[in-house]
Amino acid sequence: MTENQPSAQSVSHRLLNDPDRIRAVQDQLLAQAEEIGFGKSAAFALRLALEEAIRNAFLHGLKNAKDKPVDVSWTISPDRVTIVVNDHGPGFDPGDIPDPTAPENLERPCGRGLLLMRAYMSSVEYNDAGNTVTMRYEPGDD
Amino acid sequence: MASGESRLRVKTEGNVTRVEFVDRNILDEGNIQQIGDEILRLIDEQDHPKLLISFANVEHLSSAALGTLITINTKIRAKDGQLRLTDIDPQIYEVFVITKLNKLFQIHETTDEAMASFK
């Protein structure tokens with residue numbers, strides 16, 4: 001962990017597809033958010049978006065390969081959380097994901113992760129390769 | 001988290017099967033798979049299943065959990081059954097609204113209302 005500013009904390013993890021480890025990393029972010037003064041709705045948004053981004057990385061980015069890692073990092077300060085999730089996979093085009101709220105897609109059991117990330121975060125951006133997502137959360141958006 | 005234990009509390013009331021979740025967080029793949037398997041087994045046991053799922057204990061759920069609910073709904077409809085969801089925390093209800101799944105599922109504020117809605 002490095003601290004470049006007194007009020008900002010930066011953390012990075014390399015994860016394998018281990019639910020207990022993923023949960024521990026989520027819990028660490030949530031504990032830091034609580035410590036820094038974020039409320040219940042922020043905690044809900046951060047947990048959900050991080051869960052969806054990590055799940056997408058393992059499921060879609062790495063096709064559930066057990067031996068390939070996902071890098072998760074974040075910087076948290078009182079006015080912003082920036083989360084980066086990189087799966088090192090071949091990437092995808094977010095524009096190719098069908099709208100899961102369209103009537104014809106409503107009964108499809110998958111495809112809602114990105115929608116929820118966008119709904120709960122202030123911004124969600126993919127790199128050109130489509131294998132790294134950067135999510136920003138600003139608590140004023142609550 | 002022990003995978004051998006049930007992740008559900010199940011009660012039968014008349015011809016309605018009432019299900020509550022043991023976990024407050026329905027997020028990770030393993031739990032969701034187990035929950036889905038347990039509920040699908042309950043559905044398999046009935047000709048025209050009437051299933052009420054209470055979210056009273058639930059604080060978080062993920063899109064994977066929503067996917068499992070859709071699979072459950074599809075299977076119940078295929079057996080000419082009925083599914084009701086109830087006691088959903090406002091923050092979680094918002095997830096249903098964002099995904100527009102509040103239009104797919106029959107959601108009731110209370111268990112009593114949900115029980116009364118079965119035909």
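Convention: sequence-line order gives letters A, B, ...; per-chain numbering from 1.
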Which value, rounded to the nearest 0.5 Å, describes the distance between A:Arg47 atom CZ and B:Glu59 atom CD?
-> 9.0 Å
Atom OG1 of A:Thr101 and atom CG of B:Leu104: how far apart are they, to the nearest 0.5 Å?
-> 12.5 Å
Region of B:Leu69 that comes under 4.5 Å of a non-hydrogen atom in chain A = neither
With the side chain counted from C-beta on, respond yes when B:Ser62 and A:Glu52 share a heavy-atom pair under 4.5 Å apart, and no when they do not.
-> yes
Does B:Lys79 NZ have over 12 foreign heavy atoms under 6.0 Å away?
-> yes
Joint hydrophobic cluster, A:Val85 plus A:Leu59, side-chain heavy atoms closer than 4.5 Å | no
CG/B:Asp44: more than 12 non-hydrogen atoms of other groups inside 6.0 Å = yes
Side chain, backbone, both or neither: which part of A:Glu107 has an atom under 4.5 Å from a heavy atom of chain B?
-> both
Group every Ile, Leu, Val, Met, Phe, Trp and Tyr by side-chain heavy-atom contacts under 4.5 Å, then state whether A:Tyr126 and A:Ile54 land in the same group.
-> yes
Relative to chain A, which segment of B:Glu94 carries a heavy atom at a distance below 4.5 Å: side chain, backbone, both, or neither?
-> both
Does the side chain of A:Phe44 reach to within under 4.5 Å of the side chain of B:Asp89, using non-hydrogen atoms?
-> no
For B:Gln91, is it the side chain, the backbone, both, or neither that has a heavy atom closer than 4.5 Å to a heavy atom of chain A?
-> both
Report whether A:Val84 and A:Val11 are members of the same hydrophobic cluster (ILVMFWY, side-chain heavy atoms less than 4.5 Å apart, transitive linking).
-> no
Working to the nearest 0.5 Å, report the span between CG of A:Leu116 and CG of B:Leu61.
-> 9.0 Å
How many angstroms lie between CD1 in B:Ile26 and CD in A:Glu51, if you round to the nearest 0.5 Å?
-> 12.0 Å
May I ask you to check whether over 12 heavy atoms, not counting those of A:Glu34, lie within 6.0 Å of atom CD?
-> no
Are B:Phe105 and B:Ile35 connected in a single hydrophobic cluster, I mean Ile/Leu/Val/Met/Phe/Trp/Tyr linked by side-chain heavy atoms less than 4.5 Å apart?
-> yes
Would B:Val10 and B:Ile76 show up in the same hydrophobic cluster when neighbours are defined by side-chain heavy atoms closer than 4.5 Å?
-> yes
Drop me the distance from A:Met117's CE to B:Ser63's OG, to the nearest 0.5 angstrom.
-> 9.5 Å
CD/B:Glu38: more than 12 non-hydrogen atoms of other groups inside 6.0 Å = yes
Counting heavy-atom pairs under 4.5 angstrom with chain A, the leader among B:Thr71, B:Leu101, B:Leu66, B:Thr74 is B:Leu101
Heavy-atom distances under 4.5 Å only: say whether A:Phe58 touches chain B with side chain, backbone, both or neither.
-> neither
Value rounded to 0.5 Å, distance of OH in A:Tyr120 from CD1 in B:Ile98 | 3.5 Å
Name the region of A:Leu106, side chain, backbone, both or neither, that has any atom closer than 4.5 Å to a heavy atom of chain B.
-> both
Is the number of heavy atoms from other residues, nucleotides or ligands under 6.0 Å of B:Asp47 CG greater than 12?
-> no
